[in-house]
Amino acid sequence: MTSYLVTYHGGGMPETEEGRQQATADFGAWVGKVGDALTDPGAPLGAAMTVSTDGFHPGAADGPATGYSVLRKEDMESAVSLVRDHPFVGRGGSLTVAEAVSP
């Protein structure tokens, strides 16, 4: 099995308490549907530092990820199929699924 890093971009959380509770419930339902393929449900991301050949500075690199999850599936197509109906996409965000290459 291969690990896949799913990064969340844009979207954000709803502004109302009711909206946040619904978003949390929707994510919980997705987690239940995905089952054991989800090896790390991840978390929203907070403060960031960018490290580059120019040194380091506060803030995220261009096109920041705002959260992540880790899936474990046999191939990319299978991993992508698990996030096609992810509730984050329904809130206007997008997801990147990237193969985690073992060193």
Side-chain angles (χ1 to χ4, degrees):
M1 291 280 200
T2 303
S3 292
Y4 293 91
L5 176 67
V6 179
T7 53
Y8 298 59
H9 305 267
M13 285 296 280
E15 293 184 19
T16 67
E17 182 60 30
E18 181 178 298
R20 285 188 293 277
Q21 288 176 356
Q22 184 62 53
T24 300
D26 291 346
F27 182 76
W30 176 78
V31 167
K33 186 178 97 177
V34 171
D36 291 343
L38 185 66
T39 61
D40 180 347
L45 300 175
M49 293 286 286
T50 295
V51 179
S52 69
T53 56
D54 296 329
F56 63 93
H57 60 83
D62 292 338
T66 58
Y68 75 95
S69 296
V70 178
L71 297 171
R72 196 149 171 82
K73 288 301 282 181
E74 53 278 350
D75 55 47
M76 176 67 80
E77 188 175 316
S78 298
V80 168
S81 72
L82 293 177
V83 300
R84 286 186 191 271
D85 62 349
H86 195 292
F88 186 76
V89 175
R91 293 197 318 265
S94 60
L95 302 171
T96 297
V97 179
E99 182 177 347
V101 179
S102 298

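Residues Leu5 and Tyr68 meet the side-chain proximity criterion, which asks for heavy atoms closer than 4.5 Å. Inter-residue side-chain proximity for Pro14 and Arg91 is flagged as met; some heavy-atom pair is nearer than 4.5 Å. Between Trp30 and Val83 there is a side-chain heavy-atom pair separated by less than 4.5 Å.
Each of Leu82 and Met1 belongs to its own hydrophobic cluster when Ile, Leu, Val, Met, Phe, Trp and Tyr are linked at side-chain heavy-atom distances under 4.5 angstrom. Cluster membership for Val70 and Val31, using ILVMFWY side-chain heavy atoms within less than 4.5 angstrom, is not shared. Linking Ile, Leu, Val, Met, Phe, Trp and Tyr whenever their side-chain heavy atoms come within less than 4.5 Å puts Val97 and Leu38 in one cluster. Hydrophobic clustering (ILVMFWY, side-chain heavy atoms < 4.5 Å, transitive): Phe27 and Leu71 are in one cluster.
The side chain to side chain donor-acceptor pair (under 3.5 Å) test applied to Gln21 returns Glu17, not counting sequence neighbours.
For residues 6-15, every residue pair satisfying the side-chain hydrogen bond (donor to acceptor under 3.5 Å, both in side chains) rule, not counting sequence neighbours, is listed here: Thr7-His9, Tyr8-Ser69, Tyr8-His86, His9-Thr96. Within the structure, every pair that satisfies the salt bridge (Lys or Arg N to Asp or Glu O under 4.0 Å) test and touches residues 68-89, not counting sequence neighbours, is listed here: Lys33-Asp85.
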